[in-house]
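All of these numbers come straight from a predicted model, not from anything done at the bench. Letters A, B, ... mirror the listed sequences (proteins, then strands); counts begin at 1.
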Amino acid sequence: MTQIAGDSRATANGPPLTIRARFFALYREAAGQDEAQVPVPAGSTVRELWQHLLAAHPGLERAGAATAYTAYAVNGTWAKSDRVLQDGDEVAFLPPVSGG
Amino acid sequence: MTQIAGDSRATANGPPLTIRARFFALYREAAGQDEAQVPVPAGSTVRELWQHLLAAHPGLERAGAATAYTAYAVNGTWAKSDRVLQDGDEVAFLPPVSGG
Amino acid sequence: MSEQVAPAAAPPALGPFEVTAAVLSVDQLVAEVATPAAGAVVTFAGLVRDHHQGRRVVALEYEAYPELAARELQALSAAVAAKYALQGIGIRHRTGRLAIGEISVVIAVAAPHRAAAFAACAEALDLLKATVPVWKKEWYADGSSWLGQAAG
Amino acid sequence: MSEQVAPAAAPPALGPFEVTAAVLSVDQLVAEVATPAAGAVVTFAGLVRDHHQGRRVVALEYEAYPELAARELQALSAAVAAKYALQGIGIRHRTGRLAIGEISVVIAVAAPHRAAAFAACAEALDLLKATVPVWKKEWYADGSSWLGQAAG
């Protein structure tokens with residue numbers, strides 16, 4: 001696990017949050033790591049965190065752009081992209097599944 | 001294997017044949033044996049052999065009457081009831097199947 | 001460049017087809033029908049149930065006409081394999097007295113894709129039940145009964 | 001008189017649902033989902049194929065989000081079990097690098113009768129492929145590729 005440069009500006013919503021981001025399969029290889037601690041502004045959504053990570057990791061952006069969709073899970077449960085994050089949340093970014 | 005009293009009359013068709021009759025499952029129990037050597041007149045069919053066996057074994061007749069049908073095999077291959085027997089044939093009498 | 005391979009067009013591997021008193025293994029039959037080109041193996045395992053038509057069953061006894069049964073298993077499997085373009089199919093049917101929960105029959109079907117494997121396995125089972133000379137006797141606490149013999 | 005028994009109405013036995021690096025056994029899962037009232041167990045085993053879309057494959061690698069995958073397997077199985085009145089259903093998915101012919105996934109479904117068992121097993125597999133967070137990487141002689149990621 002490594003620290004990723006985040007957006008640590010304090011906002012009107014309160015102090016920044018620390019999120020545990022997890023990457024799997026194609027995204028794990030593209031990010032070069034399986035997880036990272038990411039500071040984000042209070043009030044951030046899953047989608048904003050993902051956009052931030054894509055911008056910070058060109059490899060991840062290429063991989064993400066090549067997929068039909070990305071699914072999200074927060075604390076082990078499927079989540080929509082407009083889900084508002086809480087401090088300490090674990091957010092997983094999941095490329096299209098291909099099990100079986 | 002036991003000898004079953006057969007119809008040993010010689011006929012115009014030639015000397016009597018000796019047939020190996022085999023019984024399975026319900027018929028085996030009803031006949032009290034799994035096979036028998038049965039003399040039959042030359043020219044006999046599978047059906048005639050079966051009728052003869054039913055008449056000779058009341059238990060087999062009760063079991064046969066209680067089934068929806070009887071299937072026949074001669075020398076390990078399905079046969080119709082009008083199949084004419086040859087000396088030394090093995091004839092199997094098969095109650096409705098229930099495997100699986 | 002990576003090596004290009006043509007779609008598998010080999011004739012299906014038929015067998016094993018056996019009637020046996022030995023305990024049946026699904027894994028063994030899966031391994032026997034699988035080929036390097038097979039992506040899906042569907043199996044059916046028949047188990048001895050503790051009841052039938054409302055009556056408690058304590059054991060099942062299976063009897064076969066072994067020579068004809070093996071030939072019938074082969075014949076129905078060849079037909080199903082051709083219809084569904086299978087890569088492999090095998091069937092074992094147990095004989096003798098079986099306890100509750102034991103496997104009475106195993107069918108394994110290997111195919112490149114899953115839809116064909118499911119359909120072929122179900123069809124092979126239907127044919128087996130209709131045509132293969134095997135008989136089942138139910139044992140109860142107070143007696144026994146051969147199945148399949150009810151008149152019309 | 002023989003003992004009369006009511007038709008089985010027990011809730012289905014759910015599980016096991018696992019993502020594991022251990023070699024998979026069909027027989028083991030069959031035994032785990034079977035109940036004394038079950039007469040039919042249908043299984044699906046996914047095998048590593050030596051080709052895909054015309055390209056030779058030398059190995060497959062599976063990766064999962066294990067916590068969510070196990071929960072998804074449980075959820076889809078509960079839905080299928082209720083729809084088909086199953087007596088048991090279990091699924092194991094393998095992770096790590098697998099050689100040609102190895103089993104990547106096993107689904108076992110127990111039901112009183114065979115039609116429900118076949119339909120339920122096929123449906124569970126379709127749901128697994130669509131929803132469970134597991135990913136497959138194909139290894140070739142000269143490279144590798146994650147599947148499922150193609151855009152549009």
(request) Decide yes or no for C:R114 and D:D126: does some side-chain heavy atom of the first lie under 4.5 Å from some side-chain heavy atom of the second? (result)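 Counting from C-beta outward, C:R114 and D:D126 do come under 4.5 Å.
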
(message) With heavy-atom distances below 4.5 Å as the criterion, would you say the side chains of D:V42 and C:F118 are in contact?
(response)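 Counting from C-beta outward, D:V42 and C:F118 do come under 4.5 Å.
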
(request) Give the member of C:C121, C:G143, C:A34 that has the highest number of heavy-atom pairs under 4.5 Å with chain D. (result)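 Of the candidates given, the most pairs with chain D belong to C:C121.
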
(request) Determine the minimum heavy-atom distance between D:L47 and C:A38, stating which atoms define it. (result)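 So the two residues come closest at CB-O, 3.5 Å.
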
(message) To check you understand the geometry: which heavy-atom pair defines the closest contact between D:S25 and C:D27, and what is its length?
(response)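 Smallest heavy-atom distance, with atoms named: OG-OD2, 2.7 Å.
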
(request) Please determine, among D:A108, D:G101, D:A40, the option with the most heavy-atom pairs under 4.5 Å with chain C. (result)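 Option with the top pair count is D:A40.
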
(request) For each of D:G46, D:A117, D:G39, tally heavy-atom pairs with chain C at distances under 4.5 Å, and name the one with the top tally. (result)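 When all of D:G46, D:A117, D:G39 are compared, D:G39 has the most.
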
(message) To the nearest 0.5 Å, what is the distance between NE2 on C:H113 and CZ on D:R49?
(response)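 If I round to the nearest 0.5 Å, the distance is 4.5 Å.
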
(request) Answer with side chain, backbone, both or neither: which region of D:V48 has an atom nearer than 4.5 Å to a non-hydrogen atom of chain C? (result)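 For D:V48, the contact with chain C is made by the backbone alone.
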
